2 protein chains.
Amino acid sequence: MTKRPQNMTILDVARLSGLSKSTVSRVLSGAPNISENAKKKVAEIVAETGYQRNEIARSLRSGRTGVVALVIPDIANPFWADVARGAQDAAVNEGTSILIFSSDWDPVREKQHLQALVKSRVDGAIINPVRDGLEDIEQFNLPIVLIGSSASRFPDMASVSSDIEQGVALGLDRLASSGLGLPVFLVGDNERSASERFLQAVRRWAAKRNVDCSGLIVENGEYNVDGGRAALERILATHAVPRAVFAANDLMALGAMQALRNKGLSCPDDVAVLGFDGIAAGEVTTPALTTVAKPSRQIGDEAFRLLMQRIEGGQGDRMTLPCTLYERGTLPARVNEPQPALMD
Amino acid sequence: MTKRPQNMTILDVARLSGLSKSTVSRVLSGAPNISENAKKKVAEIVAETGYQRNEIARSLRSGRTGVVALVIPDIANPFWADVARGAQDAAVNEGTSILIFSSDWDPVREKQHLQALVKSRVDGAIINPVRDGLEDIEQFNLPIVLIGSSASRFPDMASVSSDIEQGVALGLDRLASSGLGLPVFLVGDNERSASERFLQAVRRWAAKRNVDCSGLIVENGEYNVDGGRAALERILATHAVPRAVFAANDLMALGAMQALRNKGLSCPDDVAVLGFDGIAAGEVTTPALTTVAKPSRQIGDEAFRLLMQRIEGGQGDRMTLPCTLYERGTLPARVNEPQPALMD
DNA sequence: ATGAAAGCGCTAACAC
DNA sequence: GTGTTAGCGCTTTCAT
């Protein structure tokens, strides 16, 4: 009966192999200048006993834990789950684990998480800040990569975000190509800065295309299906039926479709709906949701890579990934020539 | 300019407060028999410097990391994301962090994760095993709580799962109450044991209700929307159009709805569809998916609690949570009296 | 009530 | 190439 691997220390391996602690340690970390004999001996003992290095002790010396944190608003939201998946996949190959924190759009919760995270001594963190409260974390000079639209507010930090401006233009041009005018807009209200950036992109697009956007109809709502439904219902109650709805995220777009159905309005014949995210749930509705897709997995993937660079002492820059259009069934066919893409 | 909290040690606090290392440590861990003066002094210094205990060093001594692992097939699958959310919420309150591993239905991946997890010296793990390979982990006598249907294969381990048998009966009774006969079944094939349990429950129900189930039509498919669509398409190609489809999970049920639509079949008038999971995406389809819902968040929540009990040295038992029916739009109205519930 | 000292399991100088 | 030794930051006897 050999010792439980759990309780074996490097000292036991040393004794069993007739070598010293340090030599065993060297073999285990693949240091150069080790005799074949030592390597073999250690390998034997390890195989025999199932010994595993205690990573905690290693961490204590090296200061690195092999764990990074991912702080997102809601793991149960498909978009964020996809981002997590991307980061996760990238991390596995590096032998790194990911600690996921859902802040649930709650700044207090987020703060708790941030504290928990520096306490856990993670090597770095990928963060989508709910609000602007990054001050607490900045002082710990922990390697950080920002994701999402708040990146623009911290110009000196590494970040990866999707190109909202390009995405909005993509969507608005597509709407225009169906001969629809400016749509009404549904934006989330627990992601203020994201909404602002979205609307700003709309105005910029209008300016470039010489479209009058003085009478923009915008409704806020919670960042979920019910929020989208309620938001469109409010618009329907107070305005003429719009020709098109552009939601700043897919969940709200799905809600908008429900609101239309409830009113007996047909989509896309009466009202066109355009989403923003590209979540899988948009494929299963009738009609399927046409949407501007953010590269969610890629965002997670690139953010992780950037973070690793930063951890390794590199600079890690800012990255903007383009959006693409998932053409499905909630827009009418095109009637105009597609516009040339907007360039800055 | 005070020292960076990151580099401050308990020794610095000791020096600054004129106390000894040990006393400071005692104050910090709330030990009894400390003078008010010492408490005050330490509190001051901590407030002043922002000192934080190094959890890694603590872990090294105490053997506990304050981190638990959650191993699930796919974080991007809404059902599992919900489970994760439940566990997460429970963990926050306990000051515990959760390491999430997606095995992607891949036993090799899972094995990697399991190793990574014992290396990280987590305090315990909540696991939904892809296949039967739990041998590797059992030897580490790490506190473990199983979730999902495989729990039944490890009768001596703590577990929480949903009551498949009751859920299946619930669904089948509901189908029967609409005057529909036995449905065709769509089950996932990368979750063998779950599928078996599901079908077994079907047979048990048939026996209890005196229904002939000799000619059961069952089709396997990947555990996702496309898998469900393809599976039903295969059935449609080789059999008469069934009156009802019962999918072992919601994603496949959604796929089934797509297959029907593609064939020009109406749901629920031509074919009824019943799902199993209760994911949010089922609410947004037209018609919305009627489904037997597993208590996903609660599963995560209870699993975490059980795990904590086990970590604290308790036994932690086995727990089975009932399913409920989300009555939505993919079944025709009831025509028969509801059957009395099945009892064992 | 507090201090001194001995480790937790490992790595990294520093010797030889 | 390998062994010796001194910590990493903390908790916990054991004294006092």
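Throughout, protein chains are lettered first and strands after them, A, B, ... in sequence-line order, and every chain is numbered starting at 1. Note that the structure is predicted; figures quoted are calculated from it, not measured.
Spacing between atom CG of B:Asn54 and atom P of D:dT11 amounts to 10 Å, rounded to whole angstrom units. Regarding A:Glu36, its CD atom lies at a distance of 11 Å from the P atom of D:dG1, rounded to whole Å. Between B:Lys21 atom NZ and D:dT11 atom P there is a gap of 10 Å when expressed in whole angstrom units. Here D:dT12 presents its C1' atom at 17 Å from CZ of B:Arg64, a figure rounded to the nearest Å. Atom CZ in A:Arg53 sits roughly 17 Å away from atom C1' in C:dC8 (whole-Å rounding). One interatomic measurement links the two molecules: NZ of B:Lys40 to P of C:dT2, which rounds to 13 Å at whole-angstrom precision. For the pair B:Arg121 CZ and C:dC8 P, the interatomic distance rounds to 14 Å; values are reported in whole Å. Rounded to whole angstrom, the span from the CE atom of B:Met8 across to the P atom of D:dC10 amounts to 9 Å.
Each of A:Glu55 and B:Asn33 lies near DNA chain C, and the nucleotide nearest B:Asn33 is the one positioned closer to the 5' end.
Put simply, A:Tyr51 has no side-chain N or O that comes within less than 4.0 Å of OP1 or OP2 on C:dG9. Residue B:Thr9 has no polar side-chain atom (N or O) positioned under 4.0 Å from OP1 or OP2 of D:dG9. Taking 4.0 angstrom as the limit, A:Arg58 places none of its side-chain polar atoms (N or O) nearer than this to OP1 or OP2 of C:dC10.
Listed candidates were D:dG1, C:dT2, D:dC8. Nearest to the side chain of B:Ile34 is C:dT2. Taking the side chain of B:Leu60 as heavy atoms from C-beta on, and the options C:dC10, D:dG9, C:dA6, the nearest nucleotide is D:dG9. Candidate nucleotides D:dA6, D:dT2, C:dG3 were compared by shortest atom distance to the side chain of A:Ser35, and D:dT2 ranks first.
In this structure, the side chains of A:Asp12 and A:Tyr51 stay at 4.5 Å or more apart for every pair of heavy atoms.
Within 6.0 Å of NZ on A:Lys40 lie no more than 12 heavy atoms contributed by other residues, nucleotides or ligands.
Here B:Arg109 pairs with A:Asp89 in a salt bridge; the nearest charged N to carboxylate O distance falls below 4.0 Å. Using a 4.0 Å cut-off between a side-chain N of Lys or Arg and a carboxylate O of Asp or Glu, A:Asp82 and A:Arg85 do not qualify as a salt bridge.
Within a heavy-atom distance below 4.0 Å of DNA chain C, the residues of residues 22-32 of chain B found are B:Ser22, B:Thr23, B:Arg26.
Residue B:Leu19 is classed as a sugar-phosphate contact, given heavy-atom separations below 4.0 Å to backbone atoms only. At a threshold of 4.0 angstrom between heavy atoms, the contacts of B:Arg61 include nucleobase atoms, whether or not backbone atoms are also involved.
For residues 23-38 of chain A, the set of pairs meeting the side-chain hydrogen bond (donor to acceptor under 3.5 Å, both in side chains) definition, not counting sequence neighbours, comprises A:Ser20-A:Thr23.
Interatomic distance, CZ of B:Arg121 versus CZ of A:Arg58, reported as 11.5 Å (0.5 Å rounding). Rounding to the nearest 0.5 angstrom, the gap separating the CG atom in B:Asp74 from the OG atom in B:Ser103 is 8.0 Å.
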